[in-house]
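Below is one structure, written out as structure tokens; comments come after it.
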Amino acid sequence: MSLNIEPGEVVALALDPAAGAAIVRSDAETILLGADDAFATLARIEREAGPRWVWWSKSTAWQLVENDIHPTRCWDLAAVHRLLYGGWRTNPAMIWAACQGLDTSGIPETAPVDLFTVVDEFDRPDEAVRHDGYLRPDWVEGAWGTNLDRLSRWAGLASEVQSWQVGRLAELADHPRATATARSESAAELLGTELQHDGLPIDTAEAERIIGGFIGPRPLDAADESAKLDARDRAVLDHLPADADFDLRNPANVKSLLRRVGIEVPDTRAWRLEQLRTQHPVVDALLTWRKAERMATTFGYTWLDENVGPDQRLRGSWSASDGASGRMTATAGLHNMPADLRPSIVAEDGFLFVRSDLGQIEPRVLASVSGDGDLALATHDDDMYAPVAERLGVEREIAKVAVLGAMYGQTTGHGAEALRGLESAYPIAMGYLYNADTAAQGGHHLRTNGGRLIRMRAGDVTEMSDRDARSRAAARGRYGRNAMIQGAAAELFKMWAVLVRARSLNLGAQIVLCLHDELLVQAPTDQAERTAEIVDDCLQEAAYRWAPTTRGPKVRFVADTSIIARWSDAK
DNA sequence: GATTTCACGTA
DNA sequence: CGTACGTGAAATCC
């Protein structure tokens, strides 16, 4: 079969393991694949041509990954929809409605069939689109996958939506990188699917050893577990009079406990208690207890049992662009695993990790998205806070706090005075943040450099004191200025990550963790050096693709890359 | 039973 | 009175 599909050619794909697959090219030519050889043919097309696969959602990506097909290029309609309309949940019904200019509040839902069900004379179960223009709910829920006719119709609609999305992205005149971002966000969904499918290598024996150091060996049974728990509680309560009975898991109770020994605190957070360690031995005992309790409840033996497979891989579900931040998020503790557990993250036999993290990513992103030439010059330094400090005539630490404070919306503390200096030294960068802040306070939506919409809700200030209203407005401002930086950084990171993924696939390397500004790639031992080079090269390429400098000094991005066997071996 | 608050881990 | 996120326990609300 000669398909003559060209590299990068846009082809829509709908597939169902039982029914087969349909591929629709932009000229509407349709290729149908039977269920028996669909995946083999798809693998061949990917290998020989490498088109840009268009699919409705990552469920199609999941099917491919499950069949060991790892496309390099894709276009995820749901991911691009989120880019265009903001970071909320979506489905084909909403994506289609947007494309047709239909009101999303009118999207039909499947109603249970009962006595009162009105038979629609226009009802055509074999048509995806209803006479009112909306998608049929049963198609949205999967009826598209029942036979090849329907698959081909579903892929055809995907093709139609994709063309429309390309047009919409091109209309974002102030965001020339939006189309490039749409591609990388799509690939990031695919990467998330692979991360979810394949997991992170973990040495459970080592993990159990570390956990044991905090809470003792694995409990033998429920009684043993409860005895160990009591023993941990007692270690704290023993510092108090014998009649004291406080529930250490209850913050209000802990507050009373501290009051009993003469310590008054507004809350019992660790950073606050940390300063009071010397006041009374119970504080130190309590902090130790907290650490153990965290290990026991969140990152203990149960956590290992529930999230690590027999293949020694830790798996969670991944979302490629979440909330306001647009960052990747993951469950199963993959993004908040205590650093103490890092020694248990070990490359498999015959492999090494290439670990790389972006240095000072947010201030560098600020220099880039704001177009501040002076701040761009500062990024030429490995440590950009040094030239900023020099320019401001302050200590490096002060400069750092001021820059971070400006991006996070901090207005008090040490950074406050240095902030004035920043405003006069880097007015363009500071103006960018100020504009984001003001727009957000006014309830105006924002778009990141890559064109991702950050939706703002107009603040409801009725029945609120002036003080509260001001405080809410300030919070919205902080949210806005931070979302523009954190969101843009997330886009650059993902562009980097998906380039690394695509370039290192043929080396047998695999990204096993994305951690906001850090990549962990597992590579065959003899390909580790090459993979590390690719990681560094891809950062420069990502920076160019995401924000090519058209005028003024180039913004420099830096990564710290190392080859290690164990995650804890770096930093 | 669902939602909110507090707490704490990561960036 | 610096941001984002996920998770768990207890309190709170219905």
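Quantities reported herein were computed from a predicted structural model and do not represent experimental measurements. Just so you know, these numbers use all the heavy atoms, side chains as well, and skip hydrogens, waters and symmetry mates.
Between the P atom of B/dG9 and the CG atom of A/Leu314 lies a distance of 18 Å, rounded to the nearest Å. Straight-line distance from the CG atom of A/Asn307 to the C1' atom of C/dG6: 12 Å, rounded to whole Å. Atom C1' of nucleotide B/dC8 and atom CD of A/Glu274 are separated by 13 Å, given to the nearest angstrom. Following rounding to the nearest Å, A/Met295 (CE) and B/dT10 (P) show an atom-to-atom distance of 9 Å. Rounded to whole angstrom, the span from the CD atom of A/Glu491 across to the P atom of B/dA11 amounts to 22 Å. Rounded to whole Å, atom C1' of B/dC8 lies 12 Å from atom CG of A/Leu287. Rounding to whole angstrom units, CH2 of residue A/Trp318 and P of C/dG6 are separated by 12 Å. At whole-Å resolution of the value, CG in A/Asp322 and P in B/dT10 are 20 Å apart.
Side-chain atoms of A/Arg269 lie closest to B/dC8 of the nucleotides B/dA11, C/dG8, B/dC8. Nearest nucleotide to the side chain of A/Asp267, out of B/dA7, C/dT3, C/dT7: B/dA7. For A/Ser325, whose side chain is taken as the heavy atoms from C-beta onward, the closest listed nucleotide among C/dT7, B/dG9, C/dA4 is C/dA4. Between B/dG9, B/dA11, B/dC8, one nucleotide has an atom nearer to the side chain of A/Ala270 than all others, and that is B/dC8. Closest approach to the A/Arg342 side chain among B/dT10, C/dG8, C/dT3 is made by B/dT10 (side chain taken as heavy atoms from C-beta onward). With C/dG2, C/dT7, C/dA4 as the choices, the nucleotide that has an atom nearest any side-chain atom of A/Tyr408 turns out to be C/dG2. Across C/dG2, B/dA7, C/dA4, the shortest atom-to-atom separation from the side chain of A/Arg327 is found for C/dA4. Picking from C/dA10, C/dC5, B/dC6 the nucleotide with the shortest atom distance to the side chain of A/Asp247 gives C/dA10.
The residue A/Ala330 sits close only to the backbone: its heavy atoms come under 4.0 Å of sugar-phosphate atoms, none of a base. When heavy atoms are screened at a 4.0 angstrom cut-off, A/Ser471 is found touching no nucleic acid atom at all. Counting non-hydrogen atoms under 4.0 angstrom, A/Ala475 reaches nothing in the nucleic acid. Nucleic acid contact class of A/Ala332 (heavy atoms, under 4.0 Å, all strands): sugar-phosphate only. Residue A/Phe299 is out of contact with every strand shown, counting any heavy-atom pair closer than 4.0 Å. Heavy atoms of A/Met407 sit nowhere under 4.0 angstrom from any nucleic acid atom. Backbone-only contact: A/Arg290 has heavy atoms under 4.0 Å from sugar-phosphate atoms and none from a base.
Neither OP1 nor OP2 of C/dG2 sits under 4.0 Å from any side-chain N or O of A/Arg478. For C/dG6, one of the phosphate oxygens OP1 or OP2 lies less than 4.0 angstrom from a side-chain nitrogen or oxygen of A/Thr329. Applying the 4.0 Å criterion to OP1 and OP2 of B/dG9, one finds that A/Thr298 has every side-chain N and O outside that range. For the OP1/OP2 pair of C/dA11 and a distance below 4.0 Å, the side-chain nitrogens and oxygens of A/Asn250 include at least one atom meeting the criterion. The side chain of A/Arg294 contributes no N or O atom lying less than 4.0 Å from OP1 or OP2 of B/dA7.
Taking the six-membered ring for Trp and the full ring otherwise, the centers of A/His335 and A/Trp318 sit less than 6.0 Å from each other.
Remark: side-chain polar atoms of A/His197 are not paired, donor with acceptor, to backbone N or O of A/Trp62 under 3.5 angstrom. At least one donor-acceptor pair under 3.5 Å links the side chain of A/Thr193 to the backbone N or O of A/Glu189. At distances below 3.5 Å, not a single donor-acceptor pair connects side-chain atoms of A/Arg476 with backbone N or O atoms of A/Gly442. Side-chain atoms of A/Asn482 never come within 3.5 Å of backbone atoms of A/Arg478 as a donor-acceptor pair (strictly under, hydrogens ignored).
Spacing between B/dT5 and C/dC1 at atom P, rounded to whole Å, works out to 16 Å.
Atom CG of A/Leu539 is separated from atom CZ of A/Arg556 by 10.0 Å, given to the nearest 0.5 angstrom.
Comparing A/Arg272 and A/Gly333 along DNA chain C, the residue whose closest nucleotide (by nearest heavy atom) sits nearer the 5' end is A/Arg272.
Around atom CD of A/Glu274, more than 12 heavy atoms belonging to other residues, nucleotides or ligands sit under 6.0 Å away.
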